[in-house]
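The structure appears right after this line, and notes come after that.
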Amino acid sequence: MKGYILLIFICICFGNVFAAPSQEIPPLMQEAKNLFSIETTRMQNIQGRFYNIHIAIPKHKADKKSVFYTLDGNAFFPLLLNEIATKESTKPFKALPIIIGVGHYSPLAYDRALRTYDYTPLLPEYLQDKFSGGGGIDSFLDFLIQEVKPSIHKQFGVPQKELLFGHSFGGLFVLHTLLSKPQSFTHYVCASPSLWWGEGKFLSLPLKLRDYPDSIIFTRGSLEKNSKKMQGALKLESLIWDLQTNAPNPRNIVFIEFNGQSHGSSVPYALQSGLDIFME
């Protein structure tokens with residue numbers, strides 16, 4: 001019954017292919033609170049912008065050498081914990097990582113203006129009217145790598161594995177991190193990246209990495225391929241092919257398409273798939 005209630009919640013929040021998601025922060029299930037010790041701190045970057053850093057430490061079966069970071073932490077942090085709590089009742093994990101949700105200092109689940117600025121690159125001037133509000137991606141990356149990660153390492157020790165998860169604009173940020181500083185994380189989940197943003201002019205094709213992490217996962221809902229917003233966008237398959245062509249082990253680059261799922265409804269499946277592979 002609880003799993004059914006969670007499914008209804010997911011459908012309400014992420015029902016249409018590109019519909020605006022619910023701005024209400026998902027409530028944590030009691031079962032999730034029973035599994036994790038949870039705290040939230042506030043951090044400030046050098047520009048004076050504040051962020052919510054949500055931290056979940058497993059009370060049992062903790063693997064403190066593994067840390068799962070998710071962007072859009074206000075929304076995805078509780079969503080992921082609820083997913084774990086639901087799965088624990090049927091197919092328990094052997095071990096659970098520390099989970100970090102990096103969220104904007106906002107009462108909204110998704111603060112559109114803040115996430116657009118932080119997760120997207122600065123575009124050529126001729127595209128800035130059509131795609132406005134971006135440009136802070138490198139500043140946010142510096143904050144994540146130079147401030148957030150060291151803070152977590154100081155608190156829990158340096159982990160053996162670290163995963164970065166991002167969806168939509170967050171997926172663009174994950175892709176940018178992968179291409180510019182691939183050794184920042186051992187695992188990446190690039191979920192439904194918004195490749196239509198800026199007509200893809202921010203990418204140098206073909207894609208090549210200086211170093212390859214342990215695992216790169218790309219995900220997408222099958223219904224996204226036919227959406228008007230994706231028409232004319234860079235093809236995700238082409239980007240994956242570029243990376244696999246030059247990879248020392250192409251099998252470490254995985255593409256997962258969730259049948260019958262939209263841009264929004266694929267989120268919990270992407271989170272779950274990332275966690276499953278990360279904790280193998």
Side-chain angles (χ1 to χ4, degrees), residues 10 14 16-18 66 68-72 76 79-80 83 87 97 119-121 137 161-200 202-280:
I10 291 168
F14 303 107
N16 298 321
V17 175
F18 278 98
S66 300
F68 187 118
Y69 296 84
T70 177
L71 304 177
D72 285 314
F76 293 166
L79 181 61
L80 177 57
E83 281 284 307
K87 186 174 180 180
Y119 297 165
T120 64
I137 197 168
K161 302 190 301 180
E162 293 179 289
L163 179 148
L164 178 63
F165 176 94
H167 172 265
S168 195
F169 278 179
L172 280 190
F173 180 85
V174 169
L175 184 60
H176 175 77
T177 305
L178 176 65
L179 296 176
S180 59
K181 296 184 178 180
Q183 292 304 306
S184 299
F185 298 87
T186 59
H187 294 65
Y188 289 84
V189 179
C190 183
S192 303
S194 299
L195 297 176
W196 52 268
W197 173 264
E199 300 174 0
F202 51 89
L203 289 174
S204 297
L205 302 175
L207 299 186
K208 294 181 180 180
L209 298 183
R210 298 188 305 272
D211 300 289
Y212 277 78
D214 294 344
S215 172
I216 306 170
I217 304 169
F218 292 90
T219 72
R220 180 180 65 194
S222 65
L223 301 181
E224 296 183 59
K225 293 182 294 185
N226 299 322
S227 69
K228 291 183 179 179
K229 202 163 190 177
M230 292 302 292
Q231 292 177 4
L234 287 172
K235 301 301 181 184
L236 183 57
E237 292 88 344
S238 298
L239 304 187
I240 297 170
W241 173 258
D242 285 349
L243 292 173
Q244 288 177 328
T245 299
N246 297 288
N249 188 352
R251 292 185 179 181
N252 289 345
I253 303 173
V254 178
F255 174 50
I256 305 173
E257 186 168 89
F258 303 111
N259 188 41
Q261 302 304 319
S262 67
H263 184 74
S265 69
S266 65
V267 171
Y269 298 95
L271 284 165
Q272 188 69 67
S273 296
L275 184 62
D276 287 342
I277 293 175
F278 186 52
M279 298 308 294
E280 284 181 349

inquiry  = Is it the case that atom CG in Asn249 sees more than 12 heavy atoms from other parts of the structure closer than 6.0 Å?
reply    =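 Check passes, neighbour count above 12.
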Using side-chain heavy atoms (C-beta onward) and a distance below 4.5 Å, is [X] in contact with [Y]?
X      : Y      : result
Phe76  : Leu71  : no
Ile253 : Tyr212 : yes
Leu179 : Leu203 : yes
Ile240 : Ile216 : no
Leu164 : Thr70  : no
Phe278 : Ser66  : yes
Leu178 : Leu209 : yes
Thr219 : Gln261 : no

How many angstroms lie between [atom1] in [X] and [atom2] in [Y], if you round to the nearest 0.5 Å?
X      : Y      : atom1 : atom2 : result
Ile256 : Phe218 : CD1   : CZ    : 11.5 Å
Tyr119 : His176 : OH    : NE2   : 13.5 Å
Arg251 : Ser215 : CZ    : OG    : 14.0 Å
His187 : Ile217 : NE2   : CD1   : 7.5 Å
Ser266 : Leu271 : OG    : CG    : 9.5 Å
Leu275 : Phe68  : CG    : CZ    : 6.0 Å

request  = Before giving the answer on side-chain hydrogen bond (donor to acceptor under 3.5 Å, both in side chains), spell out for Ser168 and Ser194 the whole-Å C-alpha distance, their side-chain angles and the decisive distance to 0.1 Å.
outcome  = CA-CA 5 Å; Ser168 195; Ser194 299; 3.0 Å; yes
Any donor-acceptor pair under 3.5 Å from Arg210 side chain to Ser180 backbone = yes
ask   = Is His167 reaching over with its side chain to a backbone N or O of His263, donor-acceptor style, under 3.5 angstrom?
value =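 The answer is yes, because a donor-acceptor pair under 3.5 Å joins these two groups.
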query = Would Asp72 and Phe169 satisfy side chain to side chain contact (heavy atoms under 4.5 Å, CB included), going step by step from the backbone distance to the final call?
reply = CA-CA 10 Å; Asp72 285 314; Phe169 278 179; over 6 Å; no
For [X] and [Y], work out which heavy atoms get closest and say how close.
X      : Y      : result
Phe202 : Trp197 : CE2-O, 2.8 Å
Phe255 : Arg220 : CZ-NH2, 3.5 Å
Asp242 : Pro206 : OD2-CA, 3.3 Å
Gly264 : Pro268 : O-CD, 4.2 Å
Pro213 : Thr186 : CB-O, 3.4 Å
Gly171 : Pro193 : C-CB, 3.9 Å

request  = Check the pair Asp276, Lys87 against side chain to side chain contact (heavy atoms under 4.5 Å, CB included), reporting the backbone distance first and the verdict last.
outcome  = CA-CA 11 Å; Asp276 287 342; Lys87 186 174 180 180; 2.9 Å; yes
inquiry  = Between Lys161 and Glu280, does the salt bridge (charged side-chain N to carboxylate O under 4.0 Å, His left out) criterion hold? Intermediate values first, please.
reply    = CA-CA 12 Å; Lys161 302 190 301 180; Glu280 284 181 349; over 6 Å; no
ask   = Given Leu207 and Leu205, is the side chain to side chain contact (heavy atoms under 4.5 Å, CB included) satisfied, shown in steps?
value = CA-CA 5 Å; Leu207 299 186; Leu205 302 175; 3.9 Å; yes
request  = May I ask you to say whether Lys225 pairs ionically with Glu237, meaning some side-chain N is under 4.0 Å from a carboxylate O?
outcome  = no
